[in-house]
Structure formats: C-alpha cells, structure tokens
Amino acid sequence: MRTLPQLHAGLFLTDGGAETTLIFDDGIDLPDFAAFPLLDDPDGHAALTRYYERYAGIAERDGAGIVLETATWRANPDWAARRGYDAERLDSANRKAVDLLLDVRQRFAIPVVISGCVGPRGDAYRPESIMTREEARDYHAVQIRTLADTQADLVTAMTLTNVPEATGIVDAARDANVPVVISFTVETDGRLPSGDALGDAIEAVERDTDGHPAYYMVNCAHPTHIAPALDPHAEWTERVRGIRANASKLSHAELDEAEVLDRGDPEEFADDYRTLRERFPRLTVLGGCCGTDHRHVDAISRAFSG
C-alpha cells in the first residue's frame, strides 16, 4: 500500500475551488462543472497547470506539503457520457489528469501528494436517488481501477452525500489496492444532504469497512457549518484529518441559484480555520472548495506557518 506523508506532518495544504476558479477567473465554460475535458485541449491543459502550480508555490514558500486533487471530480461514467466520452476516452482522461500532476510535482522541492479525485454519481447538493453499497462499488470501480493503475498516491472521494455510496467507494478502493479518503459534505445544519449526522455517517462507514479509509474529510461547506458537526469528545472525530471548505456561508440551495461568485474574505476564512484547529488539532490537511482560490489557501498557509 502506498505511503501517505500527510498522515505524519503538521500541515499539508490542498488546492482550492478548481471549477469555480476556472469558470469565474479564467472565463472557461465548464458544462456540468466538469473540468476533465480541459485535459484534451492545449489551452485547457495549460490553465490547469497554472492553477496547480500556484498552490504548490504557496506550499513551497512556507515549507508545507500539499495534496493536489486531479481534475476528475466529474470523470465517472454517467457524467462523462453527458460530455460525449466513451469508456476508452474516460480512461484516458483520468490518466492524463494524473500525468499532469506528475509533471507539476517534479518542479517543486516539497512533498506533493497526488490524489485521484472521485466525485458522486449524482448531484452533490441534491441527490435524487441513493445507490446500494454494491451498486456504488460497481459504478465507481470503473474510475478507481484506472486511478489505481497510475502513479496517484491515493483516491479521495469528495462531496459525498450518503453512507452507501461512501461505503461502496471504499470497497472499490480496497479491491483496487489503493488508499482511499472519504470526504462528506454537510448542509448549514451540519448534517449530510441525506439527513445523517456527520458522526453517524463516519461511524457507519468505519463499522461497515473495518476502518479501512486512510482518514476522513469534510468539504463543500463553510467552516461555520462544519464546526457544529464535529464533536471534540467523540472518537470518530479523531479520524477527520482534513477540511476543504467553501468561501461562502450560503446554503447549497442558495449557491445553486447564485449568479455571482461569493468569495467571502480570505483572512476571515483563515481565522475560521484557526478556530477549528484549536478545537480539533488533528485537522492537518487544509484547503478550499467552491469559491476559494489561491488567496484563501495563502491565508491558511500564513496562519499556520512559521
């Protein structure tokens, strides 16, 4: 099994909100919020490279490591089919995403962990149906097998909304012999879109997979929505090692309707992370999600470096 240096370090950064950055800062159209088609376009490939290098540069400046997620959050069969990708092209896209980060990694003298990003099968904000564990394993195995056959260090399933899909993803990763991180999203009340409490969801995945995930994360919610979901006295909280929060305090429903990007305030964002980490010192993998850019991660890095 591949080693994960972020489990043994005081701070590992991540990148930020790739899709919102590409859309609102670079003016790139991303139908279905899918960034992976950019890998087949020279200009898109260059935009992704610039995006990742900016974050790696922040980490290198401050002596931190960084976990970079491949641009494959939507690179699973259903979403890829909507973009006209068959199985062969989809396999190629996932491999190209890892190759891009391998190229970035060689230019920085810090630990750069390459994470194969896996997204939910359905809408990350409004899941219309929930697969069984077995259905989720079989569905996500397509992408996970490809990522496991690359030089990616792990796979991270982001913005998950329910327990059966998370558990099926862990099963697929175990079958492919690749480390896996499970990252749930929460609503403003700190509960998953499925209605489960965060702690109940993590405990269920732990129980059903014999604690197989390398660790857990929470993403795509503001720090003030995440904080109430964490219990400093619960054993499951010790398994939560990372946060990739949204810049905005809006709910998922409000974000879906928003026409202007709410970037929040990077310094306030970093202060929220500082408050979280004071209560939960095992939170060592820190970065951003929707609405965040290099300024937010820069503020986080400065808050914890030195």
Novice: Decide whether a cation-pi geometry holds between R89 and Y85; the criteria are a distance under 6.0 Å from NZ or CZ to the six-membered ring centre and an angle within 45° of the ring axis.
Specialist: yes

Novice: Any non-hydrogen side-chain atom of V240 less than 4.5 Å from a side-chain atom of F280?
Specialist: no

Novice: For the pair K96 and D40, find out whether any cationic side-chain nitrogen is under 4.0 Å from an anionic carboxylate oxygen.
Specialist: yes

Novice: Of all residues at least two apart in sequence or in a different chain, which pass the side-chain contact (heavy atoms from CB on, under 4.5 Å) check with L102?
Specialist: V98, D99, R105, I114, Q151

Novice: Mind checking what makes salt bridge (charged side-chain N to carboxylate O under 4.0 Å, His left out) contact with D231, not counting sequence neighbours?
Specialist: none

Novice: Mind checking whether L192 and T185 have side chains closer than 4.5 Å, heavy atoms only?
Specialist: no

Novice: Quick one: does any side-chain atom of H296 pair with a main-chain N or O of A270 as donor and acceptor, under 3.5 Å?
Specialist: no

Novice: Are any non-hydrogen side-chain atoms of L68 and V104 less than 4.5 angstrom apart?
Specialist: yes

Novice: State whether Y216 and R239 meet the cation-pi test: NZ (Lys) or CZ (Arg) under 6.0 Å from the six-membered ring centroid, and within 45° of the perpendicular axis.
Specialist: no

Novice: Are R277 and F304 in a cation-pi setup, meaning NZ or CZ lies under 6.0 angstrom from the ring centre and within 45 degrees of the ring axis?
Specialist: yes

Novice: Please give me the minimum heavy-atom distance between R191 and G195, naming the atom from each residue.
Specialist: NH1-O, 2.8 Å

Novice: Is a donor on one side and an acceptor on the other found under 3.5 Å between the side chain of S194 and the backbone of T161?
Specialist: yes

Novice: Determine whether a donor-acceptor pair (N or O, by modelled atom type, separation under 3.5 Å) exists between the side chain of Y52 and the backbone of L100.
Specialist: no

